[in-house]
Structures are given as structure tokens and as C-alpha cells.
Amino acid sequence: MTTRDPRATGLARLAGLFADETRAACLLALLDGRAWTASELARHAGVAASTLSEHLSRLVAGGLLAEERQGRHRYVRLADARVAQLVEDLAAQVAPGTAVRPRSLRESSAGSAMARGRTCYDHLAGRLGIAVTDALTARGLLQQETGFALTDTGVAWFASAGIGLERRGRRPLARACLDWTERRPHLAGVAGAALCRHALDTGWCVRIGSERAVKVTAAGEQAFLELLGVESASLR
């Protein structure tokens with residue numbers, strides 16, 4: 001008699017949380033790293049607030065979302081970086097040909113902006129994320145041969161650029177995250193989060209629209225060119 005793997009039940013439950021288009025839309029929206037109200041997510045997903053509330057309760061109970069209440073408002077965010085990695089990794093498995101065609105020029109423009117540059121939870125993604133990752137690798141600051149890892153020179157580069165690397169918990173210093181638009185890995189982990197935070201704090205990048213899209217400013221183009229040799233054309 002075959003003994004069932006005890007993890008099977010938990011895995012089936014976890015898969016069930018993703019197996020709904022409304023819940024999937026919420027998880028993808030929350031990859032921007034910010035807390036959203038239930039009403040904001042309901043509008044984003046195109047469902048009634050009462051319907052969305054039921055979905056959020058399931059996601060919170062399943063450990064995928066964390067909940068905060070302030071007065072009458074209910075805020076939710078992804079539980080942690082581990083959940084964000086799981087959502088992004090699953091999204092990257094969706095074949096490019098299955099994407100829905102944009103229904104309007106505005107939707108098409110938003111999609112183009114997301115592909116050009118966006119945040120993936122707390123690090124840079126899209127062509128911007130890939131360009132930065134490639135530049136770090138070309139300069140010997142990041143190695144990818146046996147998984148992502150900062151070199152000693154890379155650690156020193158972050159310090160010289162004024163980008164602090166706060167190592168807390170078990171989160172790796174550098175981790176590869178498969179980019180769902182570029183189909184190549186970009187930099188995540190502590191280093192990826194620190195670089196993204198620094199880029200936003202210093203104004204190298206600014207958020208655009210209500211999604212996760214970001215664009216590189218003139219100051220950012222200059223900084224990326226001077227620090228990493230990234231040409232402006234690859235950031236636009």
C-alpha cells in the first residue's frame with residue numbers, strides 16, 4: 001500500500017487559493033509591495049466589495065496575505081517576500097501567447113510601461129531590472145554561474161554607492177527571480193530590494209500610474225550610466 005505524502009493536502013489547499021481569477025488578480029496587484037484597501041482591490045478586480053471580502057478572508061486564512069485595520073478601513077498586503085516570490089514565479093510560468101490582448105490604447109500603454117520597468121514586490125523588474133542585472137554581472141559585481149551571488153567586489157560596490165545591505169532573517173543577499181515579461185532572471189533578495197528602495201528614494205526612478213510601473217528619470221539615467229555603464233536607450 002502506498003503511503004500518501006503528508007504534504008499533499010497542504011499543497012492542494014495552497015493551489016486552490018491561486019485557482020481563482022479574482023484572487024489571482026489581487027495577488028498580482030499586491031506585488032507592488034504596498035497595502036491596498038479592500039475597496040481598491042474590488043475595483044481593480046472588477047467585483048463587488050462583498051465578493052472580494054470573501055476572497056480576501058480566504059487568502060488571509062491561507063497565509064498568503066497579512067491584514068491590518070485602521071478605523072473602518074481594512075488593508076491587506078502580501079504576507080512576506082516568500083509569498084511574493086511564489087506569486088511572481090507562478091506568473092512567469094504563464095505562456096506569453098496566453099496573454100489577453102489589450103482592450104484599449106490606455107491598457108496597451110499601461111502594459112508597455114510595465115514591461116519597460118516595474119517593481120516586483122520590492123525589487124526592479126522588466127527591461128529595467130534586466131538591464132541593471134546584466135550590468136552588475138558584466139562588471140563582476142554579481143555572478144550567475146551557480147545561482148545569483150554578490151561578489152566581494154559587488155558588496156563593496158553597494159557600500160560605495162551608499163546603498164545599505166541590511167541582512168535580516170534568512171532572506172538571501174542575492175536571489176534570481178524569473179522575469180515574467182523578459183523570461184530571464186533579474187536580481188531579487190536583500191540586494192535587489194536595497195537597490196530598488198535607493199532608486200525610488202533618490203528619485204532615480206518614479207512610480208507612474210496606479211500599477212507597479214516605474215520610469216527612470218534624467219537623474220536616474222545619469223546615475224545608472226556613471227555607476228554601472230547602463231546606456232540611457234536601454235532604460236526607455
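The residues of the chain are indexed from 1 along the displayed sequence.
- Two residues are said to be in side-chain contact when any heavy atoms from C-beta on lie closer than 4.5 Å; Arg69 and Tyr75 fail this criterion.
- Closest approach of Leu17 and Gly62 over heavy atoms only: CD1-CA, 3.8 Å.
- Across Ala193 and Arg171, no two heavy atoms sit closer than the pair CB-NH1, 3.9 Å.
- Panel note: side chain Thr133, backbone Leu187; a donor-acceptor pair is recorded below 3.5 Å.
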Check the pair Glu68 / Arg77 against salt bridge (charged side-chain N to carboxylate O under 4.0 Å, His left out), numbers first and verdict last.
CA-CA 9 Å; Glu68 300 174 16; Arg77 65 171 72 244; 3.5 Å; yes
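- Without hydrogens or angle criteria, Asp179 side chain to Pro185 main chain gives no donor-acceptor distance under 3.5 Å.
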Criterion salt bridge (charged side-chain N to carboxylate O under 4.0 Å, His left out) on Asp20 and Arg58, from CA distance to verdict:
CA-CA 11 Å; Asp20 178 273; Arg58 288 192 61 181; over 6 Å; no
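- Few gaps surround CG on Asp201; more than 12 heavy atoms of other groups in view lie less than 6.0 Å from it.
- For the pair Leu52 and Cys26, the minimum side-chain heavy-atom distance is below 4.5 Å.
- The closest side-chain heavy-atom distance from Leu150 to Trp157 is not below 4.5 Å.
- For the atom pair CG (Leu178) and CZ (Arg184), the distance works out to 10.5 Å, reported to the nearest 0.5 Å.
- Of all non-hydrogen atoms in Ala25 and Ala45, the two that sit nearest each other are CB-CB, 4.5 Å.
- In summary, the side chains of Gln143 and Thr151 do not present any donor paired with an acceptor at a separation below 3.5 Å, with no hydrogens or angles considered.
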Show me the donor-acceptor pairs within less than 3.5 Å that the side chains of residues 223-232 make with the rest of the protein, sequence neighbours left out.
residue	atom	partner	partner atom	Å
Glu226	OE2	Gln222	NE2	2.6
Ser232	OG	Glu221	OE1	3.4

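- Checking side-chain atoms of Gln93 against main-chain N and O of Leu90 turns up no donor-acceptor pair under 3.5 Å.
- Among all heavy-atom pairs drawn from Arg207 and Leu200, the shortest one is NH2-CD1, 3.9 Å.
- Between Arg74 and Leu56, some side-chain heavy-atom pair lies under the 4.5 Å cut-off.
- When only modelled atom types and interatomic distance are considered, Thr181 and Arg118 share a side-chain donor-acceptor pair under 3.5 Å.
- For the pair Val214/Val206, no side-chain contact is recorded, criterion being any heavy-atom separation below 4.5 Å from C-beta on.
- In terms of heavy atoms, Leu30 sits closest to Tyr121 at O-CD1, 4.5 Å.
- Side-chain contact between Trp204 and Val216: absent, with no pair of heavy atoms (C-beta onward) separated by less than 4.5 Å.
- Screening His186, Glu88, Arg197 against His123 for a side-chain hydrogen bond (donor to acceptor under 3.5 Å, both in side chains) leaves a single residue, His186.
- Contact detail for Asp32 and Thr119: the closest heavy-atom pair is CA-OG1, 4.0 Å.
- Listed for the Thr217 side chain is a donor-acceptor partner under 3.5 Å among the backbone atoms of Gly203.
- Residues Val60 and Val83 fall within the same hydrophobic cluster, defined by Ile, Leu, Val, Met, Phe, Trp and Tyr side chains chained together at heavy-atom separations under 4.5 Å.
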Side-chain donor/acceptor pairs under 3.5 Å, residues 8-15, sequence neighbours excluded:
none

